[in-house]
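Below is one structure, written out as structure tokens, with a few remarks after it.
Below, read A as the first sequence line, B as the second, and so on, with proteins coming before strands; counting in each chain starts at 1.
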Amino acid sequence: MNYWLFKSEPGEFSIDDLASRPRKTEHWDGVRNYQARNFMRDKMRKHDLGFFYHSSCAEPAIVGIVRVTKEAYPDHTAFDPGDKHFDDKSDPTSPRWFMVDVQLVQKLDVPITLQTLKSFNNRALRDFALLKRGNRLSIMPVTKSQWDFILGL
DNA sequence: GCCAACGTTGGC
DNA sequence: GCCAACGTTGGC
């Protein structure tokens, strides 16, 4: 069992958007960063859990918990010239980008804000990837101890 | 809107 | 392979 953080701009896709989907499940498309892709494609497994994080918004925060329900498969949005995430270097015979399916497990009653997380920057969350200088990954690993600590906040 | 910190691209 | 230019991310 692995743990992850899924980053999304709520203006693009929010936790409420996920909650409104059938079976509260949606594919996590649009990842266009190799490191993030590799985590998804090579390490993410069915039943893994993840934090749903809202970025680039008034209150950046972890807002919920999701579960991986389908392992990596080609991201079809890369094949669609009309899609925002179109990439002409990816095609169905040799897909470059991948996605997984995630299901909402729980929306947090109280978001765990970036500000709160930062207050543990030099303590329990010293090595938390989200707090690393300049880390802009949209998919990042979370250790079990980090996961447990954050859920205990 | 600003800007730091990256990642990507492309000429050489 | 190097590196400058450029584009993107994301907090503030």
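In this structure, A:I62 atom CD1 and C:dG11 atom P are separated by 12 Å, rounded to whole Å. The separation between A:L137 atom CG and C:dG11 atom P is 13 Å, rounded to whole Å. Put simply, CG on A:N121 is 14 Å from C1' on C:dG11, counting in whole angstrom units. The CZ-C1' distance, from A:R32 to B:dT9, rounds to 18 Å in whole Å. Rounded to whole angstrom, the span from the CH2 atom of A:W97 across to the C1' atom of B:dT8 amounts to 10 Å. C:dT9 atom P lies 18 Å from atom CZ of A:F6, rounded to whole Å. The nearest whole Å value for the distance from the NZ atom in A:K132 to the C1' atom in B:dC6 is 16 Å. With rounding to whole Å, A:L5 atom CG is found 16 Å from C:dT9 atom P.
Relative to the six-membered ring of A:Y73, A:K70 meets both conditions, a distance below 6.0 Å and an angle of at most 45° to the axis.
With distances taken from any side-chain atom of A:K118 to the nucleotides C:dG10, C:dG11, B:dT9, the minimum falls on C:dG11. Closest to the side chain of A:R136, from the set C:dT9, C:dG11, B:dT8, is C:dT9. Side-chain atoms of A:Y53 lie closest to C:dG11 of the nucleotides C:dG11, B:dG7, C:dG10. Candidate nucleotides B:dG7, C:dG11, C:dG10 were compared by shortest atom distance to the side chain of A:Q35, and B:dG7 ranks first.
A:F149 and A:V110 fall into different hydrophobic clusters, where Ile, Leu, Val, Met, Phe, Trp and Tyr are joined by side-chain heavy atoms under 4.5 Å apart, directly or via other members.
Taking the six-membered ring for Trp and the full ring otherwise, the centers of A:W4 and A:F51 sit at least 6.0 Å from each other.
Judged by distance alone, the side chain of A:S14 and the main-chain N or O of A:D16 form a donor-acceptor pair under 3.5 Å.
An OP1 or OP2 oxygen of B:dT9 is reached within less than 4.0 angstrom by a side-chain nitrogen or oxygen of A:K89.
Residues A:R32 and A:D75 are paired through a salt bridge, judged by an N-O separation under 4.0 Å between the basic side chain and the carboxylate.
Contacts of A:S55 with the nucleic acid, taken as non-hydrogen atoms under 4.0 Å apart, involve only primed sugar atoms and P, OP1 or OP2.
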